[in-house]
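Computed from a predicted model, the values in this text were never measured in an experiment.
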Amino acid sequence: MKRSLIALGATLLGSIAGCTAAPGEPAGAEYRIGRYFAAFNDAADQGDQAQSEFLRKTQHPDFADQVCELNGLTVRAYPALSTLRPDPEWAPGDAEPPRGQVYVLAVSLTLRRAGTPLAEQIGSERVTILRDQVYGFAPCLSEE
């Protein structure tokens with residue numbers, strides 16, 4: 001698989017967002033971010049359309065207009081929550097830092113098409129917690 005697909009796929013993880021703790025559950029950052037990745041993988045299990053919808057719903061509100069389709073791909077994410085730490089100075093591209101608390105963590109990704117693995121990568125990904133929700137930053141994937 002081409003390097004751009006692998007690199008862009010790795011960036012996709014940083015684009016994930018959206019879960020809140022249920023009443024009576026722990027509400028710490030590690031818990032919330034772990035729940036977010038579980039929901040991300042649940043969407044992947046339902047297919048690329050479901051995962052695309054999840055990404056649209058969980059894209060950081062400051063970057064809501066910057067979500068693209070997965071073009072038939074799904075991504076499974078395996079976060080190393082023990083690596084989670086604040087990253088308040090980070091900003092995507094040339095943008096200002098996003099609103100909320102920014103965190104970085106190591107994540108292993110597997111890109112699939114129709115259930116067939118295409119690429120794997122481990123990288124650092126960012127998510128934010130804003131108003132008690134986890135948000136990410138979904139890039140556009142390309143196979144070129």
Side-chain angles (χ1 to χ4, degrees), residues 1 3-93 95-142:
M1 189 86 288
R3 289 181 189 250
S4 63
L5 178 62
I6 295 170
L8 288 173
T11 321
L12 180 60
L13 279 185
S15 57
I16 308 167
C19 300
T20 61
E25 292 181 336
E30 184 175 326
Y31 175 80
R32 289 179 184 183
I33 292 167
R35 296 270 308 187
Y36 165 79
F37 281 106
F40 178 79
N41 288 334
D42 287 346
D45 291 344
Q46 296 171 35
D48 63 301
Q49 300 260 340
Q51 194 165 46
S52 290
E53 181 62 22
F54 175 83
L55 290 171
R56 272 191 291 284
K57 288 180 179 178
T58 60
Q59 177 77 343
H60 192 285
D62 294 348
F63 302 91
D65 62 341
Q66 298 179 22
V67 178
C68 295
E69 294 302 316
L70 293 175
N71 300 320
L73 297 174
T74 58
V75 181
R76 295 229 8 124
Y78 306 94
L81 292 171
S82 63
T83 66
L84 184 68
R85 66 187 184 282
D87 193 8
E89 302 300 316
W90 178 83
E96 293 293 316
R99 291 176 294 146
Q101 298 169 294
V102 178
Y103 293 89
V104 62
L105 72 159
V107 179
S108 174
L109 305 175
T110 301
L111 285 107
R112 297 176 188 269
R113 182 179 305 282
T116 302
L118 300 176
E120 292 186 18
Q121 176 132 2
I122 297 172
S124 294
E125 302 301 334
R126 269 109 183 150
V127 294
T128 63
I129 297 178
L130 174 65
R131 295 186 299 270
D132 294 327
Q133 287 196 314
V134 179
Y135 292 98
F137 308 91
C140 298
L141 295 177
S142 168

A.B. asks: Heavy atoms only: give me the nearest Ala43-Ala50 pair and the separation to one decimal.
C.D. replies: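 Smallest interatomic distance, heavy atoms only, reads O-CB, 3.7 Å.
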A.B. asks: Looking only at heavy atoms, which two atoms of Val107 and Ala77 are closest? And how far apart?
C.D. replies: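 Looking at all heavy atoms of both residues, the shortest contact is CG1-CB, 4.0 Å.
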A.B. asks: So does Gly100 get a backbone contact from the side chain of Thr128, meaning a donor-acceptor N/O pair under 3.5 Å?
C.D. replies: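 Not at all, since once roles are kept as given, no pair shorter than 3.5 Å links the two residues.
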A.B. asks: Within this structure, what is the CG-OG1 distance for the pair Leu105 and Thr83, rounded to the nearest 0.5 Å?
C.D. replies: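 Atom-to-atom, Leu105:CG and Thr83:OG1 are 4.5 Å apart.
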A.B. asks: Is the CD atom of Gln49 crowded by more than 12 outside heavy atoms at less than 6.0 Å?
C.D. replies: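 No, the 6.0 Å shell around CD holds no more than 12 heavy atoms from other groups.
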A.B. asks: Taking all atoms of both residues into account, what is the closest heavy-atom pair of Leu55 and Phe40, and its distance?
C.D. replies: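 Closest heavy-atom pair between Leu55 and Phe40: CD2-CE1, 3.7 Å.
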A.B. asks: Within this structure, what is the CD-CZ distance for the pair Gln51 and Arg112, rounded to the nearest 0.5 Å?
C.D. replies: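 One gets 11.5 Å once the value is rounded to the nearest 0.5 Å.
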A.B. asks: Over all heavy atoms of both residues, which pair between Pro117 and Thr110 is shortest? Give the atoms and the distance, please.
C.D. replies: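 Shortest heavy-atom separation between Pro117 and Thr110 comes out as CB-CG2, 4.3 Å.
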A.B. asks: Is the side chain of Glu30 donor-acceptor paired with the backbone N or O of Leu84 at a distance under 3.5 Å, no angle test?
C.D. replies: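 Here the side-chain-to-backbone pair does not exist.
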A.B. asks: Under a 4.5 Å cut-off applied to non-hydrogen side-chain atoms, are Tyr103 and Ile33 in contact?
C.D. replies: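 Touching, per the 4.5 Å side-chain cut-off.
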A.B. asks: Please name the pair of heavy atoms, one in Arg99 and one in Pro61, separated by the smallest distance, quoted to 0.1 Å.
C.D. replies: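 Closest approach of Arg99 to Pro61, heavy atoms only: NH2-CB, 3.6 Å.
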A.B. asks: Does any non-hydrogen side-chain atom of Arg126 lie less than 4.5 Å from one of Pro92?
C.D. replies: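 Contact flag for Pro92/Arg126 side chains = no.
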A.B. asks: Quick one: sort the Phe137 and His60 rings into parallel, tilted or perpendicular, breaks at 30° and 60°.
C.D. replies: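 Rings of Phe137 and His60: parallel, as their planes differ by under 30°.
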A.B. asks: Determine, stepwise, if the pair Asp132 / Arg32 fulfils side-chain contact (heavy atoms from CB on, under 4.5 Å).
C.D. replies: CA-CA 9 Å; Asp132 294 327; Arg32 289 179 184 183; 3.0 Å; yes
A.B. asks: Please give me the minimum heavy-atom distance between Leu130 and Tyr135, naming the atom from each residue.
C.D. replies: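 Leu130 and Tyr135 have their closest heavy atoms at O-CE1, 3.7 Å.
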A.B. asks: Say whether, by atom type as modelled, one donor and one acceptor occur between the side chain of Arg76 and the main chain of Asn41 under 3.5 angstrom.
C.D. replies: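 Looks like yes, one N/O pair under 3.5 Å.
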A.B. asks: Quick one: are Pro88 and Val102 in side-chain contact, heavy atoms under 4.5 Å?
C.D. replies: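 The answer is no, as the side chains (C-beta and beyond) never meet within the 4.5 Å cut-off.
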A.B. asks: Take Tyr31 and Leu81 through the side-chain contact (heavy atoms from CB on, under 4.5 Å) test and state the conclusion after the steps.
C.D. replies: CA-CA 9 Å; Tyr31 175 80; Leu81 292 171; over 6 Å; no
